[in-house]
Amino acid sequence: MEQNKPQTEQELTQQAAVRRQKLADLCEAGHNPFEITKYAQDAYSADLKNEFADLPAEAETRKIVSLAGRMMSKRIMGKASFAHLRDQKGDIQIFVKRDLLGDEAYAAFKKLDIGDIIGVKGEVFRTKMGEISVRISELTLLSKSLLPLPEKFHGLTDREARYRQRYVDLIMNPEVKDTFVKRSLILKEIRAYLDEKGFLEVDTPILTPFEIGASARPFYTHHNTLNMDMVLRIETELYLKRLIVGGMDRVYEVGRIFRNEGMDPKHNPEFTTIELYQAFTDFHGMMDLVEEMYKRLALKVCGSLEITYQGKQIDMGHWERLTMVEAVKKYSGVDFNDWKTDEDAIAAAKEHHVELPEVPTKGAILAEFFDAFVEDKLIQPTFIYDYPVEISPLAKRKPTDPAFTERFEYFIDCTEYGNAFSELNDPIDQKARFERQVAERKAIEPDCKAQVDYDYVSALEYGLPPTGGLGFGVDRLVMLLTDSASIRDVLLFPTMKPIEQ
């Protein structure tokens, strides 16, 4: 790829060429910084500022510390200079005095560049201007920065460059790191919550033997030793439910998922989900779990049940619950119960300018009405449940109305955040649904390689207990709790098209 070609000397900027010459001079003098393997670091910027928050101006501490990080600024002032060092926890000023450091070391310091990684040792004090600083007695160049940092690397105009060069983004925009610290906290809290509930975290295969009949398009690869095509997983569901069959009653997986589909602010070809399954409960149990877990996350990460997302106030403390039929009637005025046949539903769709699905049944058309009239109204947290069986191949039918399933999705700010079922555990019904799903896919796409997962059907034949299952996107949840507009803002390295030069 063009952006991975090595730079020639002619392509380097003048600044970069100067830096390479400085490196060559260092190596010739026997001071190659890249030969240094470690540095004894015993303190961090933010900790020192907190420890000495009450220290008066011009006061000494007699505390000697060793810090390491990137030099972000430098002011040369004759025999004494100032610089700022950025470490894992923030920035701190260092005071470099020739008389204390020595002539040779001070001269070497003056040749350092912004972006160089250094180790320093010295005494903590507060300057006359009131800034906590470290008076340096030793300074070591630990790594030479061969490319100059950009003067500006923020805002919408630089966003593509920031995604492509996240390493520079993190250097220049420290607040970006906060998003990913929160992402880690969110995952930690989810795991803690599920572990407290008795769930066991497991891992299931990413490479699967064939494409199932679901509508999501997979990525294919080839296994050389087995001489077979394999598929990157589009879900973790079928393996996890095999474990429920095997007697592992509460399991979950934080899983990387791959779908060969479109990209937009809410979709990336690879993303992270959490799927969990609990034996001897149903989709109502999953609703309660979602509500409790999201309230806990909001309080832990945002400090309140009232959060702000893209200028909208979201009340995580209140969750509405509506059936799909109720929601469509509420927002479109159309009552599913008035449709006696598929033809009635088709006529209603045409009357209301609703797009017809590929297989235009009453249930599938109800789902289209939901997409057209309801989803963009669901700003506050809302559970939509009782989904048509046509669009829910893995959910258990409602005993009181077999046209619908015990399934829900939940929505916040007009976006679907998760999907849950009372899991289908009838192997005969499951096999028929799988076969119908694959047949419908092949009717639309004759060349597709979808197959029925008959091994999963065999697993059900051994007996799957009544089970509640839930899957939700981690990336969208992180977007919500960090007030991020795009999925790319919460992925360290989002998928990007190569730059053609």
Side-chain angles (χ1 to χ4, degrees), residues 1-4 160 163-164 166 183 187 201-243 252-277 358 391-394 409 415-419 433-435 437-457 469-479 486-500:
M1 296 178 189
E2 294 295 324
Q3 75 268 32
N4 285 330
E160 288 287 316
Y163 296 146
R164 292 182 188 280
R166 183 68 84 184
R183 182 184 176 109
L187 282 166
E201 183 174 5
V202 297
D203 294 303
T204 62
I206 289 175
L207 288 173
T208 61
F210 55 81
E211 178 182 350
I212 60 175
S215 58
R217 295 181 181 277
F219 288 95
Y220 269 84
T221 187
H222 187 79
H223 192 293
N224 292 332
T225 301
L226 296 177
N227 192 26
M228 62 180 282
D229 286 341
M230 300 194 78
V231 180
L232 274 67
R233 66 184 178 193
I234 62 167
E235 43 76 29
T236 55
E237 178 172 355
L238 299 184
Y239 281 111
L240 291 173
K241 288 195 289 192
R242 284 171 167 91
L243 300 180
Y252 73 95
E253 180 169 9
V254 180
R256 202 70 167 175
I257 302 298
F258 307 86
R259 295 187 179 179
N260 194 358
E261 297 174 341
M263 296 170 61
D264 61 38
K266 294 177 181 175
H267 295 88
N268 194 68
E270 55 176 304
F271 56 99
T272 304
T273 67
I274 292 178
E275 288 197 45
L276 59 96
Y277 294 88
E358 293 169 341
I391 61 168
S392 309
L394 293 162
E409 292 181 310
T415 300
E416 180 254 315
Y417 276 79
N419 190 17
R433 291 199 218 177
F434 273 168
E435 289 176 341
Q437 187 183 48
V438 169
E440 289 174 354
R441 272 287 305 280
K442 290 192 171 181
I444 296 165
E445 302 175 57
D447 295 332
C448 89
K449 301 176 183 179
Q451 298 181 40
V452 173
D453 189 342
Y454 285 112
D455 180 74
Y456 177 71
V457 175
L470 166 69
F472 60 94
V474 171
D475 308 304
R476 288 187 184 179
L477 175 57
V478 175
M479 288 169 62
S486 171
I487 193 171
R488 293 181 173 189
D489 295 327
V490 300
L491 298 175
L492 281 168
F493 300 102
T495 302
M496 304 288 288
K497 186 176 182 179
I499 297 173
E500 300 295 340

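The two residues I212 and E235 have their closest heavy-atom pair at CD1-OE2, 3.5 Å. Of all heavy-atom pairs spanning I234 and R259, the tightest one is O-NH2, 2.7 Å. Shortest non-hydrogen contact noted between R166 and L492 is NE-O, 2.9 Å. Scanning all heavy atoms of the two residues, the minimum distance from F271 to N268 falls at CD2-O, 3.4 Å. Of all heavy-atom pairs between T204 and R233, the closest is O-NH1, 2.9 Å. Between D229 and Y220, the closest heavy-atom pair is CB-CD2, 4.1 Å.
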Please evaluate residues H223 and T221 with respect to the criterion side chain to side chain contact (heavy atoms under 4.5 Å, CB included), reporting the C-alpha separation (whole Å), side-chain torsions for both, the decisive distance (0.1 Å), and the verdict. CA-CA 7 Å; H223 192 293; T221 187; over 6 Å; no
Before you tell me yes or no, could you show the steps for E253 and Y277 under side-chain hydrogen bond (donor to acceptor under 3.5 Å, both in side chains), namely the whole-Å CA-CA distance, both residues' side-chain angles and the distance that decides it to 0.1 Å? CA-CA 10 Å; E253 180 169 9; Y277 294 88; over 6 Å; no
Apply side chain to side chain contact (heavy atoms under 4.5 Å, CB included) to F258 and N260, showing your working. CA-CA 7 Å; F258 307 86; N260 194 358; over 6 Å; no
Run the side chain to side chain contact (heavy atoms under 4.5 Å, CB included) test on I274 and L187 for me, step by step, so that the C-alpha distance in whole Å, both residues' side-chain angles and the decisive distance to 0.1 Å come before the verdict. CA-CA 10 Å; I274 292 178; L187 282 166; 4.3 Å; yes
Give the intermediate values and the outcome of side chain to side chain contact (heavy atoms under 4.5 Å, CB included) for residues D489 and Y163. CA-CA 8 Å; D489 295 327; Y163 296 146; 2.6 Å; yes
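Here the options are R441, R217, K442, K449, the test is salt bridge (Lys or Arg N to Asp or Glu O under 4.0 Å), and the partner is E211; only R441 passes. For the side-chain hydrogen bond (donor to acceptor under 3.5 Å, both in side chains) with D475, the qualifying choice from K266, R183, R488 is R183, the only one to do so.
Summarising the geometry, atom CE belonging to M228 is positioned 9.5 Å from atom CZ belonging to F210; distances are rounded to the nearest 0.5 Å. Rounding to the nearest 0.5 Å gives a distance of 11.0 Å between CG of N419 and OG1 of T273. Atom CG of residue L232 and atom OG1 of residue T208 lie 7.5 Å apart, to the nearest 0.5 angstrom. Taking CD1 of I499 as the reference point, atom CD of E160 lies at 8.5 Å (rounded to 0.5 Å). Atom CZ of R476 and atom CD1 of I487 lie 7.0 Å apart (nearest 0.5 Å). The line from CG of D453 to OH of Y239 is 7.5 Å long, rounded to the nearest 0.5 Å.
Distance alone, capped at 3.5 Å, is enough to place a donor-acceptor pair between the E275 side chain and the T236 backbone.
A side-chain donor from one of N227 and H222 sits under 3.5 Å from a side-chain acceptor of the other.
With a 4.5 Å cut-off on side-chain heavy atoms, Y417 and M479 do not count as touching.
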